[in-house]
K.L.:
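My structure is below; once you've seen it, I'll send some questions.
Just so it is clear: chains get the letters A, B, ... in the order the sequence lines come, proteins before strands, and each one is counted from 1. Quick caveat, the model's predicted, so the values are computed rather than measured.
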Amino acid sequence: MALLELQGVTKSFGGLMANYDISFSIEKGELVGLIGPNGAGKTTLFNCISGVFPLSSGKIFFDGEDITRLKAHEVARKGLARTFQVYVASGDMTVLENVMVGCFMHTRSRSKAKSTARQILDDLRIGDLSEALVHELPVASQKRVTMATAIATKPKLLMLDEVAAGLNPGEIEEIMGSIRHLHDDLGMTVILIEHVMELVMKISHRIVVLDYGRKIAEGPPEAVSRDPSVVKAYLGERYAQDSTVDGG
Amino acid sequence: MDILISSIVAGLLIGMALALVALGLTIIFGVMDIVNFAHGEFLMIGMYTGLFTAQSTGMDPLLTLPLAALVGFLLGVLCYAGFVRFLLRGPMVAQLLGTFGLMLLLRNIALLIFGSEDRALHHGILVGKSFDVGMEIILPATKLAAAGLSILAFGAVWLFMKKTRIGKALTATALNRQAASYMGIPAERMNALAWGIGVSSVTIAGALLVNFWSVNPYVGLLFTMIAFAIVALGGFGSVPGALFAGLVVGLITEIPGFWDFLTLAFSAEWMENVPMTSFKYMWVYVAYFVIMVVRPRGLFGWKY
Amino acid sequence: MEVLNSAFDFKDFPRLDLTIAALVAVFLAFFPVLPHSSFAMATVIQFLMFSLYGMGWNTIGGYGGQVDLGKAQYVGIGAYTTAVMLTKWDISFWFSMPVGVCFSVLWSFILGYPLFRLKGHYFAIATIATSLVLKDLFEVWDFVGAARGIEISPIQFPSPDFIRLIFKEDVYYYYLILIFFFIGILYMNWFRKSRLGFQLRAIKDNEEVARSLGINVHWAKIRTYAIATAFVSVVGSFHACYIKNIEPEDTMSLDISILIALMAMLGGAGSLWGPIIGAGILIPLKSYLKEWLGARAGLIGIDLIIYALIIMAISAFEPRGIWGIVQKIRRRRR
């Protein structure tokens with residue numbers, strides 16, 4: 001049984017079709033990339049899955065349960081965590097406190113939340129930042145904090161929204177390592193939206209491609225990058241097989 | 001029946017003036033997303049301006065309108081440049097409490113200067129006169145004039161926003177601040193202008209209201225709340241919405257009249273015992289609450 | 001057990017803060033035996049009451065970031081419940097106070113459900129509207145004395161009376177509210193470290209992110225609103241016995257609501273000491289300004305003018321309040 005299954009997911013804003021009839025499924029233990037040009041509806045799809053927007057039509061199953069009508073916090077409690085593209089943490093919370101909020105999903109005890117949060121931060125190798133304020137950190141570290149906070153809810157499925165955007169090659173390498181670690185060592189199922197092709201092509205088992213709100217291709221990275229419709233959706237002829245091209 | 005019709009007429013008349021009161025609030029909100037708690041205090045200043053100019057010069061109160069408008073414009077620009085500008089950088093809490101502070105300041109300066117007693121106008125061409133339009137409906141001339149002039153002022157501001165270059169720039173800023181500044185519209189000056197026009201429209205309303213409404217330093221809060229209700233109903237930032245909603249809220253303030261009508265119609269004794277006039281303005285607050293919860297964008301709102 | 005440990009655990013504050021806090025606590029404990037005027041005594045009682053109001057507001061307004069400007073209605077509910085039960089049925093404060101809390105909390109749930117569908121300005125204005133509606137109702141409701149209010153006559157109840165909480169000397173009231181004050185601090189110290197406290201801070205930061213972490217934002221706000229309400233209602237009940245003469249105008253007016261929010265804002269919303277610092281500055285300032293300028297110099301309203309200028313300066317230049325400034329300096333030093 002698939003961990004996550006989308007059946008004809010459709011979302012329209014007024015007359016605008018942001019997602020149209022999207023179906024695919026994700027097996028337990030997979031690492032799936034979700035790509036597509038700007039405005040293809042990737043983040044909207046994430047919002048639909050995680051219960052931020054109600055669907056116009058279609059159904060979503062998670063772990064055998066129909067989660068189509070659940071609210072965002074209910075979806076999260078089922079074990080589906082996500083990060084946000086633009087993370088605005090203007091407040092006065094430290095990194096450790098941020099991660100503790102995630103831990104509090106499973107415990108009432110502050111000391112337990114604190115020790116779990118410490119563990120997660122060490123695990124992602126940002127333990128030394130735990131007393132810093134989130135909004136004072138550089139982007140790369142902020143992205144890791146959001147990942148850590150999401151992981152703290154002990155999700156069955158982790159949805160990452162552009163965790164590598166705006167990072168330099170060294171930082172991308174690092175975050176790629178973290179994602180691999182979550183998947184390989186902690187056995188997490190991961191779906192990631194990514195513009196950085198280098199990253200997504202390297203680590204995904206399977207890739208789903210959206211364009212103008214529709215799914216236009218799905219398959220292993222090599223096959224997808226050779227798919228003519230995908231090539232056309234991106235930079236036309238220029239994007240051949242060169243997997244280092246940034247598709248933004 | 002007469003009670004019903006005269007309540008409706010009275011409600012609509014006061015509604016027109018209230019629409020003008022709310023106009024300023026909706027313009028300021030539209031342009032810069034700030035809710036101004038001191039709005040009613042500007043109305044109070046307009047009322048005192050009208051009252052004292054009329055009393056000291058012996059002019060007819062209606063002729064004090066231009067002066068009230070000027071005072072309002074200057075006061076608005078001054079408040080923006082000297083204070084509100086700084087609030088915009090801070091969080092929303094700061095804006096709420098900051099304009100609340102402004103309200104306290106204006107109210108207590110008025111208290112210090114004018115004292116707490118009620119003051120009313122006793123002279124003027126229209127004061128005390130009224131028209132009998134038949135069916136036992138009597139229209140006080142002051143209210144009629146205030147309503148008519150309110151509509152005129154309202155129309156003038158609307159035309160200004162729609163037709164003149166600078167008014168269009170203001171509307172553009174309200175619609176999309178960033179895009180407008182890319183087009184070379186100076187945002188800072190637009191903010192100041194919005195405060196100037198917003199405050200002057202409410203001081204005009206004050207100078208009109210003082211013809212039949214006595215003034216004291218505490219008069220502002222009631223009108224602030226009424227203006228909030230109107231703006232909520234009409235939609236924050238919507239000018240035509242403010243007019244329509246003003247009329248509706250005007251009718252809401254006449255609920256005691258409708259109650260009397262129903263009491264007579266059903267000749268229900270228990271209804272007579274309800275002290276409805278004490279609840280006169282409570283319905284405005286109730287209306288605000290219900291509108292916000294049921295339809296947060298208001299009837300004509302485009303900002304949310 | 002962990003709850004108590006957490007409530008008494010102040011270890012995350014620097015030693016300097018704790019030393020100052022301890023000195024203030026000792027001063028407050030011995031204040032009545034030091035030479036003082038009755039005016040000073042009244043002012044300190046006011047300070048303790050408003051600190052408690054501010055602590056309550058701080059849960060929803062400070063940690064939760066929801067600007068609630070309608071807390072006065074719960075002062076009213078608490079005060080009126082106690083006053084009515086005492087004057088009509090001769091019921092003890094210790095029974096009527098919890099009953100008042102129940103009424104207040106019930107009312108807060110009824111209002112909170114629709115209220116928290118609103119955000120930002122809309123929420124703040126709606127809280128004002130609800131409070132004014134209740135005040136208008138109380139002003140015509142004969143059962144609670146309408147606009148005249150209720151007087152707890154000292155002739156009817158001999159003093160001292162620990163059951164009904166009727167005393168002639170302020171010192172009894174002083175120690176009672178001081179105990180409430182310390183309990184309030186311990187509660188807040190627990191609250192800020194509790195799950196709900198953390199969830200609220202996450203909500204204040206970003207509601208969407210909070211939801212993605214499994215937090216039921218609407219419900220968390222309603223619960224916290226009820227906690228804030230309970231605080232305010234308890235002090236409202238105390239207010240009734242202490243002042244002995246309550247009217248809608250001075251228990252439920254908008255000014256009280258704003259003052260409550262202001263205490264916390266000035267001191268630093270969302271911090272443990274904020275409301276206390278705020279009340280510690282504003283209350284003495286307010287009563288002495290009123291005494292000196294208002295009563296002696298005959299300048300009515302000038303105390304509130306100075307007051308207004310402080311509010312304006314704080315909101316324009318340092319919306320995080322005094323505690324915010326302290327924190328900023330400390331961060332820079334590090």
K.L.:
Does atom OH (Tyr288(C)) have a neighbourhood of more than 12 heavy atoms from anything else shown, all under 6.0 Å?
P.N.:
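Buried by this count: over 12 neighbours within 6.0 Å.
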K.L.:
Let's go through Asp136(C) and Tyr285(B) carefully: what are the C-alpha distance in whole Å and the side-chain angles of both, what is the deciding distance for side-chain contact (heavy atoms from CB on, under 4.5 Å) to 0.1 Å, and is it a yes or a no?
P.N.:
CA-CA 10 Å; Asp136(C) 278 7; Tyr285(B) 308 140; 3.8 Å; yes
K.L.:
Phe123(C) versus chain B, heavy atoms under 4.5 Å apart: side chain, backbone, both or neither?
P.N.:
neither
K.L.:
Distance check, rounded to the nearest 0.5 Å: Ile128(C) atom CD1 versus Phe228(B) atom CZ?
P.N.:
6.5 Å
K.L.:
Do Leu115(C) and Phe289(B) have side chains that approach each other closer than 4.5 Å (heavy atoms only, starting at C-beta)?
P.N.:
yes
K.L.:
Using heavy-atom distances under 4.5 Å, tell me whether Ile306(C) contacts chain B through its side chain, its backbone, both, or neither.
P.N.:
neither
K.L.:
Anything under 3.5 Å between a donor and an acceptor, one on a side chain of residues 86-114 of chain B, the other on a protein residue two or more places apart or in another chain? List them.
P.N.:
| from | atom 1 | to | atom 2 | distance (Å) |
| --- | --- | --- | --- | --- |
| Thr99(B) | OG1 | Val35(B) | O | 3.4 |
| Thr99(B) | OG1 | Phe37(B) | N | 3.2 |
| Thr99(B) | OG1 | Gln95(B) | O | 3.1 |
| Thr99(B) | OG1 | Leu96(B) | O | 3.2 |
| Asn108(B) | ND2 | Leu104(B) | O | 2.8 |

K.L.:
Under a 4.5 Å heavy-atom cut-off, does chain B meet the side chain of Ile310(C), its backbone, both or neither?
P.N.:
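No part of it gets close to chain B.
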K.L.:
Need one label for Val67(C): side chain, backbone, both or neither, based on atoms under 4.5 Å from any heavy atom in chain B.
P.N.:
side chain
K.L.:
Which residues in residues 262-273 of chain C have any heavy atom closer than 4.5 Å to a heavy atom of chain B?
P.N.:
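If one takes a 4.5 Å heavy-atom cut-off, the residues of residues 262-273 of chain C near chain B are Leu262(C), Met265(C).
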